[in-house]
Amino acid sequence: MAEQHLDQLTLINEIETLLIYYSFEVKENNYHDLIDRWMNSYPLQWIRLALLEALYLGRYKSLSIEQILAVWTKKGNYTLRFNHDFESLICRNLPQNLSQSTQISKSEARRQTPSSIHQFQPKLSASDFFLKLKAVSQSTLENESFRSRI
């Protein structure tokens with residue numbers, strides 16, 4: 001019984017890590033609430049498979065996972081389009097305990113987002129190439145100005 005509970009916790013952590021790592025868009029305040037809600041309606045293994053299916057289809061929204069789960073529930077069985085190679089590619093490089101270390105709600109994520117981005121200003125005035133390019137462009141402008149007066 002304890003081993004089954006441990007397997008269930010491992011699955012929940014993997015699902016939450018996948019949601020965070022691949023930046024799934026969620027309606028809830030955090031990923032844990034979303035997983036709890038899904039667990040009330042669907043088997044835990046189906047949730048993991050639906051998440052991988054959504055990744056395979058390139059759909060990074062929790063709504064997509066819910067739609068996949070609803071279709072599978074209606075059919076009474078799940079249908080996978082991805083293969084084992086895709087699953088191992090997606091899951092093998094996941095960071096350990098990402099879900100525990102980054103419990104970020106939407107409001108916290110917004111607070112951490114910078115309000116503005118500073119414009120990049122290269123320091124070209126000291127470059128020989130810049131000085132040569134500037135001289136060429138100025139002489140070109142002077143020649144065009146001279147031609148327009150003629």
Side-chain angles (χ1 to χ4, degrees), residues 1-138 140-141:
M1 185 73 171
E3 185 176 310
Q4 183 181 8
H5 181 69
L6 185 61
D7 289 343
Q8 193 174 21
L9 285 177
T10 303
L11 259 178
I12 292 168
N13 284 335
E14 183 178 357
I15 291 167
E16 193 170 5
T17 301
L18 283 165
L19 288 168
I20 293 168
Y21 190 73
Y22 289 101
S23 303
F24 271 79
E25 182 181 309
V26 296
K27 295 180 281 187
E28 280 75 5
N29 287 336
N30 63 40
Y31 294 104
H32 190 69
D33 292 344
L34 176 67
I35 295 169
D36 283 344
R37 188 170 52 81
W38 285 343
M39 286 174 51
N40 291 329
S41 304
Y42 308 106
L44 197 54
Q45 186 62 31
W46 279 29
I47 297 169
R48 180 183 177 277
L49 292 173
L51 194 150
L52 292 171
E53 183 75 13
L55 282 170
Y56 182 75
L57 297 172
R59 298 167 62 190
Y60 293 80
K61 293 186 177 183
S62 62
L63 181 62
S64 300
I65 297 170
E66 290 174 10
Q67 290 171 344
I68 292 168
L69 287 166
V71 168
W72 290 353
T73 302
K74 189 174 183 180
K75 289 165 72 175
N77 197 6
Y78 59 86
T79 307
L80 303 176
R81 296 181 191 154
F82 65 90
N83 58 21
H84 179 69
D85 292 334
F86 177 80
E87 180 180 3
S88 63
L89 178 71
I90 293 297
C91 296
R92 78 171 153 210
N93 292 328
L94 285 177
Q96 296 298 318
N97 297 325
L98 178 66
S99 60
Q100 294 170 357
S101 63
T102 56
Q103 290 280 338
I104 299 176
S105 67
K106 285 183 177 181
S107 60
E108 289 172 356
R110 285 188 197 111
R111 277 187 263 139
Q112 292 177 356
T113 305
S115 58
S116 65
I117 298 174
H118 299 289
Q119 183 178 3
F120 174 68
Q121 296 288 334
K123 296 179 182 177
L124 297 174
S125 59
S127 166
D128 288 338
F129 178 74
F130 175 75
L131 294 174
K132 289 176 185 176
L133 188 60
K134 186 176 178 182
V136 168
S137 65
Q138 285 178 346
T140 304
L141 287 174

Determine, step by step, whether Val26 and Asp33 satisfy the side-chain contact (heavy atoms from CB on, under 4.5 Å) criterion, reporting the C-alpha distance in whole Å, the side-chain angles of both residues, the deciding distance to 0.1 Å, and the verdict. CA-CA 10 Å; Val26 296; Asp33 292 344; over 6 Å; no
Apply side-chain contact (heavy atoms from CB on, under 4.5 Å) to the pair Leu11 and Met39, showing each step before the final yes or no. CA-CA 11 Å; Leu11 259 178; Met39 286 174 51; over 6 Å; no
Separation of [Y] [atom2] from [X] [atom1] (nearest 0.5 Å):
{"X": "Lys61", "Y": "Ser23", "atom1": "NZ", "atom2": "OG", "answer": "13.5 Å"}
{"X": "Trp72", "Y": "Leu49", "atom1": "CH2", "atom2": "CG", "answer": "5.5 Å"}
{"X": "Leu19", "Y": "Tyr21", "atom1": "CG", "atom2": "OH", "answer": "14.0 Å"}
{"X": "Ile68", "Y": "Leu63", "atom1": "CD1", "atom2": "CG", "answer": "10.0 Å"}
{"X": "Arg48", "Y": "Leu51", "atom1": "CZ", "atom2": "CG", "answer": "9.0 Å"}

Can a donor-acceptor pair be found, under 3.5 Å and without considering hydrogens, that links the side chain of [X] to the backbone of [Y]?
{"X": "Glu53", "Y": "Arg81", "result": "yes"}
{"X": "Ser64", "Y": "Tyr60", "result": "no"}
{"X": "Ser88", "Y": "Asp85", "result": "yes"}

Using the side chain to side chain donor-acceptor pair (under 3.5 Å) criterion, which residues pair with Lys74? Sequence neighbours excluded. none
Stepwise side-chain contact (heavy atoms from CB on, under 4.5 Å) test for Glu87 and Leu80: CA-CA 11 Å; Glu87 180 180 3; Leu80 303 176; over 6 Å; no
Over all heavy atoms of both residues, which pair between [X] and [Y] is shortest? Give the atoms and the distance, please.
{"X": "Phe24", "Y": "Ile65", "value": "CE2-CD1, 3.6 Å"}
{"X": "Trp46", "Y": "Thr73", "value": "CZ3-N, 3.8 Å"}
{"X": "Ile12", "Y": "Leu44", "value": "CG1-CD2, 3.8 Å"}
{"X": "Thr79", "Y": "Lys75", "value": "OG1-NZ, 2.9 Å"}

Heavy-atom distance under 4.5 Å between the side chains of [X] and [Y], does that happen here?
{"X": "Thr10", "Y": "Asn13", "answer": "no"}
{"X": "Glu66", "Y": "Arg37", "answer": "yes"}
{"X": "Cys91", "Y": "Leu52", "answer": "yes"}
{"X": "Ile90", "Y": "Tyr22", "answer": "yes"}

Between Leu55 and Phe86, does the side-chain contact (heavy atoms from CB on, under 4.5 Å) criterion hold? Intermediate values first, please. CA-CA 10 Å; Leu55 282 170; Phe86 177 80; 4.2 Å; yes
Has Tyr78 got more than 12 heavy atoms of other residues, nucleotides or ligands less than 6.0 Å from its OH? no
